[in-house]
Amino acid sequence: MYAPTARTTASRSRDRMSYDRAAAHTVLDEAYHCVLGFVVDGEPRLLPTLHVRVGDTLYLHGSTGSRPLLAARGDAGLPVCVTVTLLDGLVYGRSQFHHSANYRSVVAHGTAHLVTSEDDKRTVLTALVEKAAAGRAADSRPPSRRELAETAVLALPLHEVSVRARTGGVRDEPADLDLPYWAGVVPLRQVAGPPEPDAGVAAPLPAYLSGTPVPEPDGPARPGPAYLTGPPDGAGAAASGAQFTGPPGPDSAASPWYEPVPLRGAHVLLEPLTTAHADDLFTATAEPEVWAHLSHPTPADPVAMRAVVTTALDARRRGERVPWVQRCARTGAVIGSTSYYDLDPARRCVTIGYTWLGRPWWGSAVNTEAKLLLLGRAFDELGAVRVVWQTDIRNTRSQAAIARLGATREGVLRMHRQRPDGSWRDTVQYAMTIDEWPNAQARLREWLRRTAPAERG
């Protein structure tokens with residue numbers, strides 16, 4: 001516990017105060033920025049900056065020419081106040097007076113000093129980079145001597161520290177409880193979007209940046225799409241969008257159903273789709289035949305392909321889709337994409353679709369093995385009891401490929417989706433159930449085993 005002082009003792013709402021060391025460290029470690037307060041020439045200053053905690057010291061990043069760093073050069077150091085706040089929710093009361101927010105905040109007082117040792121400075125800057133992503137320090141160039149000289153670090157020992165928090169729901173007056181107004185809490189959380197590589201980056205997305213982003217929390221009624229814009233598939237040519245029944249709840253963030261784990265076979269590798277794959281996908285699939293039965297026209301250039309990929313990643317962030325990129329296992333070349341969608345963990349059902357594969361790999365072992373990997377993930381790892389495919393009734397090649405997997409044709413959904421040209425599509429639906437999976441798996445593995453090396457995508 002931190003000992004309360006005159007500066008850290010609250011004058012009101014003392015029930016929200018805490019001096020718990022672990023609670024303070026949790027807030028400091030979770031937050032990515034703070035506000036540094038100090039006085040220069042009798043004038044107050046507040047600066048947003050980056051911070052990292054190492055043990056019981058808070059380190060603040062800055063430039064050697066900034067006001068607080070210049071003021072901290074003396075032996076006496078710089079008296080500062082640092083605040084860090086995490087906003088966890090908006091509270092809507094029946095009365096305006098009782099609108100509020102759920103939050104966790106830390107206030108630290110003390111005297112900060114410049115870190116002068118070059119080795120200590122390197123250690124702190126490494127910790128800052130590691131806070132952005134564990135493993136990033138080893139995956140980036142360390143600072144040069146010149147860069148170290150241009151960077152300043154303030155060290156603030158954590159002695160005078162307090163935690164203030166509000167949690168829970170609405171605290172309306174008893175007399176207001178029967179008022180005809182909605183009341184409640186809208187949770188807030190920081191959500192990472194899909195990584196956007198810099199121009200010219202050829203390196204693959206690091207594993208520490210490819211985790212599943214947290215789906216958007218449920219909030220007050222907000223409009224949502226009636227249909228997704230992307231499609232299910234067959235074998236290299238796909239169909240159109242899947243009906244969207246609403247985003248999964250917040251618990252889906254931890255569900256393996258929504259995680260595009262890497263899948264490896266002898267012919268094809270499946271890895272999480274990122275925008276870094278867009279250029280290679282355009283090169284591999286830039287033929288009209290690939291897009292003939294998709295709900296998206298053929299991308300005209302890499303920028304258009306990036307928009308297609310971004311749409312898939314946005315759907316993943318909302319918990320509507322789990323997209324992979326397909327690579328040739330022999331050459332490592334990007335050759336297409338495929339996805340899970342219409343995920344229903346409660347009913348243990350998933351649809352395979354949004355599949356598009358470069359024309360040179362049609363008819364090869366790639367598509368068959370990709371489906372085998374996805375089926376194995378669904379049935380053997382996720383515990384699914386049913387896997388579905390949907391395709392355009394005009395896409396006979398796709399229907400034949402799905403049937404060869406061992407799926408059963410269940411029927412036709414008439415005027416099910418609208419094609420890019422405005423016409424209405426009848427959708428043929430296939431499915432495989434858990435009791436059909438063992439025989440289908442054995443048959444597909446035997447076919448792949450007998451596939452000649454020249455046919456291996």
Side-chain angles (χ1 to χ4, degrees), residues 228-242 260 263 265 267-316 320-329 331 333-342 350-374 388-402 404-405 417 419-421 425 427-428 430 457:
L228 300 179
T229 57
D233 81 333
S240 69
L263 302 173
H267 307 272
V268 66
L269 310 176
L270 303 183
E271 65 184 49
L273 177 69
T274 75
T275 52
H277 296 123
D279 288 354
D280 288 340
L281 281 171
F282 174 75
T283 300
T285 64
E287 297 183 60
E289 296 95 327
V290 174
W291 301 85
H293 297 288
L294 296 172
S295 64
H296 190 286
T298 306
D301 51 38
V303 174
M305 177 61 78
R306 184 178 291 269
V308 173
V309 173
T310 298
T311 296
L313 297 176
D314 286 345
R316 179 194 170 193
E320 299 165 4
R321 181 173 163 189
V322 182
W324 283 270
V325 71
Q326 301 180 86
R327 288 187 183 273
C328 173
T331 66
V334 170
I335 58 178
S337 181
T338 190
S339 296
Y340 283 160
Y341 71 98
D342 234 5
V350 65
T351 301
I352 295 175
Y354 294 91
T355 299
W356 23 287
L357 188 66
R359 185 67 180 85
W361 294 274
W362 288 11
S364 73
V366 163
N367 187 70
T368 299
E369 188 175 54
K371 295 303 184 293
L372 181 65
L373 292 171
L374 293 172
V388 176
W389 292 263
Q390 294 179 342
T391 189
D392 193 319
I393 197 168
R394 301 187 303 191
N395 192 352
T396 56
R397 191 182 63 82
S398 174
Q399 294 170 52
I402 297 172
R404 283 196 300 271
L405 296 173
R417 313 195 191 289
R419 301 183 179 99
D421 63 5
R425 183 192 101 174
T427 294
V428 184
Y430 291 79

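Worth knowing before you read on, the calculation uses all heavy atoms, side chains too, and leaves out hydrogens, waters and symmetry mates. If you're wondering where the values come from, they're calculated on a predicted model, not measured in any experiment.
With sequence neighbours excluded, the residues satisfying side chain to side chain donor-acceptor pair (under 3.5 Å) with Ser339 are Arg321. For the ring-ring contact (aromatic ring centres under 6.0 Å, His included) test, no residue two or more places apart in sequence or in another chain qualifies with Tyr430.
Distance check: Glu369 CD to Gln326 CD gives 10.5 Å after rounding to the nearest 0.5 Å. Separation of atoms OG (Ser398) and CD1 (Ile393) is listed at 12.0 Å; rounding is to 0.5 Å. A distance of 7.0 Å separates CG in Leu405 from CG in Asn367, rounded to the nearest 0.5 Å. In this structure, CD1 in Ile335 is found 13.5 Å from OG1 in Thr283, a value given to the nearest 0.5 Å.
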Exercise. Stepwise, does the side chain to side chain contact (heavy atoms under 4.5 Å, CB included) test hold for Val308 with Trp356?
Worked result: CA-CA 12 Å; Val308 173; Trp356 23 287; 4.0 Å; yes

Problem set entry | Stepwise side chain to side chain contact (heavy atoms under 4.5 Å, CB included) check, Asp342 with Val388 | CA-CA 9 Å; Asp342 234 5; Val388 176; over 6 Å; no

For this session: For Arg327 and His277, run side chain to side chain contact (heavy atoms under 4.5 Å, CB included): C-alpha distance rounded to whole Å, both residues' side-chain angles, the deciding distance at 0.1 Å, then the answer.
Result: CA-CA 10 Å; Arg327 288 187 183 273; His277 296 123; 3.7 Å; yes

For this session: Would you please test Leu357 and Trp362 for side chain to side chain contact (heavy atoms under 4.5 Å, CB included) and show each step?
Result: CA-CA 7 Å; Leu357 188 66; Trp362 288 11; 4.2 Å; yes

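Annotation: side chain of Val428 is not in contact with side chain of Ile402 (no heavy-atom distance under 4.5 Å).
Nearest heavy atom pair, residue Cys328 against residue Trp361, reads CB-NE1, 4.4 Å. Contact between Thr338 and Thr355 at its shortest, heavy atoms only, is OG1-OG1, 2.6 Å. Residues Leu313 and Leu273 share a closest heavy-atom pair of CD2-O, 3.1 Å. Pairing each heavy atom of Gly265 with each of Leu269, the nearest pair is O-CD2, 4.0 Å. Heavy-atom minimum distance, Arg394 versus Gln399: N-NE2, 4.3 Å. Counting all heavy atoms, side chain and backbone alike, Ala278 lies closest to Arg306 at CB-CA, 3.8 Å.
For the pair Tyr340 (side chain) and Leu374 (backbone), a donor-acceptor distance under 3.5 Å is present. Checking side-chain atoms of Ser337 against main-chain N and O of Trp324 turns up a donor-acceptor pair under 3.5 Å.
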